[in-house]
Amino acid sequence: MKIVFWGASRGCGTTSNMTAVASFLTLSTNHRSICMQPKAANGDLELFFCPWEKRSVLREDSTYYALEGMDYLIWQEQHHRLDTEAMKESMVPLLDQRLFYLPRGSREKPGLYPAQTGELQQRIMARMEEFAEFVFMDIGSERDEFAYSMLQQADVVVVNFSGEQKELEHFFCSRFPCRGRVLYLLSNYSCDQVYNCENLQRIYRMDRDSICHIPTNPHFAQACARGRVEPYMKACCRSRGTNPRNEQFVAGLRQVADLILEAGAND
C-alpha cells in the first residue's frame with residue numbers, strides 16, 4: 001500500500017508528520033513499513049533517526065564514494081539486478097525491525113543521475129510493496145512530473161497544511177491530480193486557531209472524515225531535531241495517562257492511522 005505525503009506549502013511539517021504516522025502505525029500493528037524520500041526532494045528523514053553523536057562531522061564532496069541507499073537501488077535497478085536482498089541491505093531497520101527507512105544516498109550532483117531516475121524510483125517503490133505492507137513516501141511540496149505521477153499512483157495521499165489562509169485558498173482553487181483516497185492533515189494543530197477542522201469543513205465543504213490533525217508537541221519537535229524519534233515514539237506510544245500532551249498527540253496519530261487502514265481495507 002502506497003501512502004504519499006505531500007505538502008501544500010514548504011515547511012508545513014510533511015516529513016515529521018510522515019515519520020510520526022509511520023512510527024505509530026508500525027508500533028500499533030504487526031505490519032512492516034518503509035519510509036523514504038525521492039532523490040528530487042529536500043528533507044531530513046535520515047536526521048530524525050540519527051542522533052547527533054552518530055552523525056558525520058565532515059562529508060567530503062567527491063564523485064567517488066560508496067553507493068548507498070536510494071543511490072544503490074537506482075544503480076541496481078538500472079542494471080536489472082535489484083532483488084529483495086539488495087533492498088534489505090540498503091534500508092536501516094528501526095522499531096524492532098518493523099519500520100525501515102531508506103537513506104537518500106550522498107550523490108547530490110544532478111549530472112551524475114541517469115536520465116530515467118524518476119522511472120527507476122517508481123519501479124523501486126513498486127518492488128518495496130512486495131517487501132512491506134506500507135510504503136510511505138515524502139515528496140515534499142514538489143509539483144514536478146515525478147511528484148504528480150506519485151500522487152496518481154498512491155493508494156492514499158496525505159495533504160499537509162500549516163493552516164495559513166493563502167496556502168489553503170491556493171490549494172482549494174487549484175486542480176489536484178490524485179486518484180486515491182485523500183486525507184487532509186493540519187500540523188501543529190490548536191483548536192483555537194482560525195482555520196481549525198470545523199472551519200475547514202464549513203468553508204471548503206470538506207468531508208469531516210477526511211480531515212485529520214496532529215496537535216502541537218514541542219517534545220516531538222525536539223526529538224526530530226536531536227535525531228531521537230525512535231526512542232521518543234516508543235516511550236510516547238507505550239505510556240498511558242502520564243502526559244496529557246502526549247495523549248493528545250497519540251490520539252491525533254491514531255486518527256490518521258485508522259483512516260489509512262480503512263482506506264486499505266476498502267481498496
Side-chain angles (χ1 to χ4, degrees), residues 1-7 14-41 43-46 48-49 68-74 76-77 82-105 117-142 146-160 177-183 185 212 229-230 233 253 256-267:
M1 182 179 183
K2 300 188 192 77
I3 303 103
V4 172
F5 275 64
W6 181 82
T14 308
T15 305
S16 58
N17 288 343
M18 181 189 74
T19 303
V21 172
S23 299
F24 177 82
L25 191 59
T26 302
L27 287 167
S28 60
T29 68
N30 291 321
H31 297 307
R32 183 184 292 171
S33 304
I34 298 174
C35 289
M36 59 184 293
Q37 290 174 315
K39 294 300 296 184
D44 12 54
L45 176 63
E46 298 170 61
F48 290 172
F49 295 110
E68 62 180 3
M70 179 60 82
D71 287 334
Y72 178 66
L73 294 186
I74 287 175
Q76 289 281 16
E77 180 64 18
L82 182 59
D83 55 19
T84 303
E85 286 303 313
M87 284 177 36
K88 289 176 67 175
E89 291 174 359
S90 299
M91 293 186 290
V92 179
L94 303 162
L95 301 179
D96 303 324
Q97 299 201 10
R98 286 190 291 155
L99 175 67
F100 299 79
Y101 80 83
L102 178 67
R104 295 174 68 244
T117 297
E119 297 177 7
L120 292 171
Q121 289 186 105
Q122 291 184 44
R123 296 208 299 266
I124 290 169
M125 192 171 183
R127 288 176 180 267
M128 285 185 170
E129 285 192 276
E130 302 172 3
F131 176 77
E133 288 84 358
F134 299 101
V135 179
F136 290 85
M137 175 176 271
D138 165 27
I139 59 174
S141 57
E142 301 298 326
F146 175 75
Y148 286 143
S149 67
M150 287 293 96
L151 292 172
Q152 290 279 348
Q153 297 174 31
D155 299 297
V156 178
V157 173
V158 182
V159 180
N160 295 257
C178 176
R179 293 180 181 175
R181 173 77 183 273
V182 180
L183 303 178
L185 178 58
C212 316
V229 167
E230 182 181 14
M233 289 302 300
L253 295 179
V256 184
D258 287 346
L259 290 173
I260 290 174
L261 291 172
E262 178 186 330
N266 295 332
D267 188 15

**OP:** Identify the heavy atoms of Met233 and Ala20 that sit nearest to each other, and give their distance.
**Re:** CE-O, 3.7 Å
**OP:** Dump the intermediate steps for side chain to side chain donor-acceptor pair (under 3.5 Å) on Tyr148 and Gln152, then the final yes or no.
**Re:** CA-CA 6 Å; Tyr148 286 143; Gln152 290 279 348; over 6 Å; no
Subject >> Residue pair Phe5, Leu185: steps toward the side-chain contact (heavy atoms from CB on, under 4.5 Å) verdict >> reply: CA-CA 10 Å; Phe5 275 64; Leu185 178 58; 4.2 Å; yes
**OP:** Anything under 30° is parallel, anything over 60° is perpendicular, the rest tilted; go ahead and classify Phe49 against Tyr101.
**Re:** parallel
Original post:
side-chain contact (heavy atoms from CB on, under 4.5 Å) with Phe136: which of Val4, Leu25, Thr19?
Top reply: Leu25
Original post:
About how many Å separate CE of Met91 and CD of Gln97, when rounded to the nearest 0.5 Å?
Top reply: 10.5 Å
Original post:
How many angstroms lie between atom CG of Leu95 and atom CZ of Arg98, to the nearest 0.5 angstrom?
Top reply: 7.0 Å
Original post:
Donor-acceptor pair, Asp155 side chain versus Lys2 backbone, under 3.5 Å?
Top reply: yes
Original post:
Considering only heavy atoms from C-beta outward, does the side chain of Val92 approach that of Phe100 to under 4.5 Å?
Top reply: no
**OP:** For a side-chain contact (heavy atoms from CB on, under 4.5 Å) with Leu259, tell me which candidate from Val156, Val158, Leu183 qualifies.
**Re:** Leu183
Original post:
With a 4.5 Å limit on heavy-atom distance, are the side chains of Met70 and Pro103 in contact?
Top reply: no
Original post:
Counting heavy atoms not belonging to Asn30, are there more than 12 under 6.0 Å from its CG?
Top reply: no
**OP:** In sequence, state the C-alpha distance, the side-chain angles, and the governing distance for Ser90 and Glu68, and then conclude on side chain to side chain donor-acceptor pair (under 3.5 Å).
**Re:** CA-CA 6 Å; Ser90 299; Glu68 62 180 3; over 6 Å; no
Subject >> Residue pair Thr26 / His31, side-chain heavy-atom distance below 4.5 Å >> reply: no
Original post:
Do Arg127 side-chain atoms and Leu82 backbone N/O form a donor-acceptor pair below 3.5 Å?
Top reply: yes
Subject >> Stepwise side-chain contact (heavy atoms from CB on, under 4.5 Å) test for Met137 and Leu102 >> reply: CA-CA 10 Å; Met137 175 176 271; Leu102 178 67; over 6 Å; no
Original post:
Can you tell me how far the OG1 atom of Thr84 sits from the CD atom of Glu130, to the nearest 0.5 Å?
Top reply: 7.0 Å
Subject >> Arg32 to Phe134 six-membered ring, cation-pi geometry met (6.0 Å, 45°) >> reply: no
**OP:** May I ask you to check whether Thr14 and Asp138 show a side-chain donor-acceptor distance below 3.5 Å?
**Re:** no
**OP:** Check whether the side chains of Glu133 and Ser33 place a donor and an acceptor atom closer than 3.5 Å, and report yes or no.
**Re:** no
Subject >> Leu94 backbone acceptor or donor facing Glu230 side chain under 3.5 Å >> reply: no
Subject >> Thr15 OG1 to Ile139 CD1 distance, which is reported to the nearest 0.5 Å >> reply: 11.0 Å
Subject >> Evaluation steps, side-chain contact (heavy atoms from CB on, under 4.5 Å), between Met128 and Leu73 >> reply: CA-CA 11 Å; Met128 285 185 170; Leu73 294 186; 3.7 Å; yes
Original post:
Does the pair Met150 and Gln122 meet the rule for a side-chain contact (heavy atoms from CB on, under 4.5 Å), with working shown?
Top reply: CA-CA 8 Å; Met150 287 293 96; Gln122 291 184 44; 3.2 Å; yes
Subject >> Flag, side chain of Trp6 to backbone of Glu142, donor-acceptor distance under 3.5 Å >> reply: yes
